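Report on the following structure.
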There are 2 protein chains.
Amino acid sequence: MQKDDIREGTPDAPISPNGSIGVFDSGVGGLTVLREIVRALPYEDCIYLGDTARLPYGNKSRETVTRFAVKNAEFLVSAGVKFLVVACNTAASAGLDAVRDHVRIPITGVIRPEARRASSVSKNKKVGVIGTRATIKSGAYERAIHGFDPAISVSAVPCPLFVPLAEEGWFDDEVTRQVAERYLAGLATEGVDTLVLGCTHYPMLKQVIAETMGYDVTLVDSAVPIAREVMETLGEMGLLRKEPRDRRLTFYVTDDTTSFARVGEAFLGFGLDDVRHVDIVV
Amino acid sequence: MQKDDIREGTPDAPISPNGSIGVFDSGVGGLTVLREIVRALPYEDCIYLGDTARLPYGNKSRETVTRFAVKNAEFLVSAGVKFLVVACNTAASAGLDAVRDHVRIPITGVIRPEARRASSVSKNKKVGVIGTRATIKSGAYERAIHGFDPAISVSAVPCPLFVPLAEEGWFDDEVTRQVAERYLAGLATEGVDTLVLGCTHYPMLKQVIAETMGYDVTLVDSAVPIAREVMETLGEMGLLRKEPRDRRLTFYVTDDTTSFARVGEAFLGFGLDDVRHVDIVV
């Protein structure tokens, strides 16, 4: 039942290793994913798209999120990417199949690598998942985790205020702590030993989430697992750049570039030199 | 200096009183405004548009919000409205002039009626304004209030978490109370005697805001002032329907209709019978 997220989109025509790795998210959150990809693959050009004019995706319908995801993917393909990473959990849970139908390059979302990691680290086979309302409603994590291990019991809880709290910068904060207690109390009493942070914003609240859940609960976020998956897959497909070279990182946003460059630095860990505006018609 | 928001957009060709009143907001918030318009003008047809696929507007750039506002207005004009109400404070503060340039019907935003009301009720001439980041950054309330009374001192504070808290339904809630204390402490100590709720979501948090500010502070929201302004202006322009008739209320949204109908009922105060989806290309 487990879908092979990557090979399914592979085209018949050969893809050039000279293309870029494309990554999109609704906003800055996916930069935490790009950060790990950039670290793991030092010679690859990367193109990042943040759909900041239409963010957030987390409370929107599957149809709308899918429409946005397809447009984002089409833009990145037209910009010359050889591999596409859907770094937004909401978009990956809602529209990965639709995106795959529209683009002729290999593609992966953040769900499967996280599910694989959670399945392998859980010892008591009780895994918690937190995400946006749309991600949780989709049931995508349950399906992906059960694809790796049907015996795992999955408890999924939406945490809609975590994104605005992270964007407000209230990372280690009393209000955030209370909100976390309210959202996570059920998961903590259920005794999950692993918690999937199913939204690219949530790693910014890791400290508070860890305190609330207890430090014996393993927190799984998407950045490292997906970077590993991208590296492995490009390697298997013969699409890796191996020669040392200066690579190019290009950032596109659908809203204002200035505030994205400023806020993005905290998520990416270094400065964003080349941020451009793009109009994507939906 | 005060702009006459309404007459400026009046076209040369006569407008028919048989048209509808058009109201738009980024989401459900503007239904609190529509509710008062519907009450004040019982025989008028109304068309409401909630741009739920692209909400929220509050943290986005002036250019993006203006672009969305113009598209929304053009749609409502094409649907046959005789008068346009920009019920979203962020859109009204960012793009009212641009909207006026694009449509040939009279138009008003929520800023001026609130500013007029706040100017007339403040006794100590200290007025507070709360709103989204974009609304506060625009300085639109300061300009509008000073247009009525330049001697009033205006203190404006952005409250970005109020919208997600209201959408989470945490109206009378300990977390909301703490967030309110953090945002409003400065305004309370400054001794404002009037506070403008500069976002259509904020009336849902009125109880907590009133407790935090103290009950001697007058809270001004846009619903009643704008309904009065619409009624007066339509009357002056000879555009009022005076014959008793069954009127039609039509709702359009750019995202899913079902959840809008469900959530909207709390904001409107009665059921939404006719909710339709529309794709607005931006």
Side-chain angles (χ1 to χ4, degrees), chain A residues 26-28 50-69 71 94 132-134 137 158-170 173-183 201 253-260 262-263 277-282, chain B residues 26-28 50-69 71 94 132-134 137 158-170 173-183 201 253-260 262-263 277-282:
Chain A
S26 59
V28 290
D51 187 16
T52 48
R54 279 166 282 264
L55 68 76
Y57 289 179
N59 284 323
K60 292 170 188 170
S61 70
R62 185 186 179 90
E63 292 68 32
T64 292
V65 171
T66 299
R67 203 152 44 95
F68 293 171
K71 288 290 171 185
T132 66
R133 227 185 269 289
K137 195 177 161 196
C159 302
L161 283 167
F162 277 0
V163 169
L165 283 165
E167 290 193 337
E168 190 69 336
W170 293 7
D173 187 283
E174 188 46 38
V175 167
T176 306
R177 202 160 281 120
Q178 282 189 39
V179 173
E181 271 161 27
R182 203 172 299 179
Y183 285 145
H201 274 77
V253 288
T254 52
D255 193 9
D256 181 48
T257 56
T258 322
S259 68
F260 183 84
R262 195 184 61 242
V263 179
H277 174 83
V278 59
D279 276 333
I280 298 178
V281 178
V282 292
Chain B
S26 58
V28 290
D51 187 17
T52 49
R54 279 166 282 263
L55 69 75
Y57 289 0
N59 284 323
K60 292 170 189 169
S61 70
R62 184 186 180 92
E63 292 68 31
T64 291
V65 171
T66 298
R67 203 152 45 95
F68 293 171
K71 288 290 173 186
T132 66
R133 228 185 270 288
K137 195 177 161 197
C159 302
L161 284 167
F162 277 0
V163 168
L165 284 165
E167 291 192 336
E168 191 67 337
W170 293 8
D173 187 282
E174 188 47 37
V175 167
T176 307
R177 201 160 282 120
Q178 282 188 38
V179 173
E181 270 162 27
R182 203 173 300 179
Y183 284 147
H201 273 79
V253 288
T254 53
D255 193 6
D256 179 49
T257 57
T258 322
S259 68
F260 184 84
R262 195 184 63 243
V263 179
H277 175 82
V278 60
D279 276 333
I280 298 177
V281 177
V282 291

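Please read all numbers here as calculations on a predicted model, not as lab measurements. Below, read A as the first sequence line, B as the second, and so on, with proteins coming before strands; counting in each chain starts at 1.
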Taking every heavy-atom pair that is under 4.5 Å apart, which of B/D51, B/D256, B/D255 has the most such pairs with chain A? B/D255
Listed by number, the residues in residues 175-182 of chain A that come under 4.5 Å of chain B (heavy atom to heavy atom) are A/V175, A/Q178, A/V179, A/R182
Could you tell me which non-hydrogen atom of B/T254 sits nearest to which non-hydrogen atom of A/R67, and how far apart they are? O-NH2, 3.9 Å
What residues of residues 58-66 of chain A sit under 4.5 Å from chain B when only non-hydrogen atoms are counted? A/K60, A/S61, A/T64
Of all residues at least two apart in sequence or in a different chain, which pass the salt bridge (charged side-chain N to carboxylate O under 4.0 Å, His left out) check with B/R262? none
Go through the atoms of A/S259 and report whether side chain, backbone, both or neither lie under 4.5 Å from a heavy atom of chain B. neither
Could you tell me which residues satisfy salt bridge (charged side-chain N to carboxylate O under 4.0 Å, His left out) with B/E167, sequence neighbours excluded, listed by chain and number? none
Under 4.5 Å from any heavy atom of chain A - which part of B/T258: neither
With B/P164 as partner, the option from A/P160, A/P56, A/P164 fulfilling side-chain contact (heavy atoms from CB on, under 4.5 Å) is A/P164
Just give me the residue among A/T52, A/L55, A/L165 that pairs up with chain B most often, heavy atom to heavy atom, under 4.5 Å. A/L55
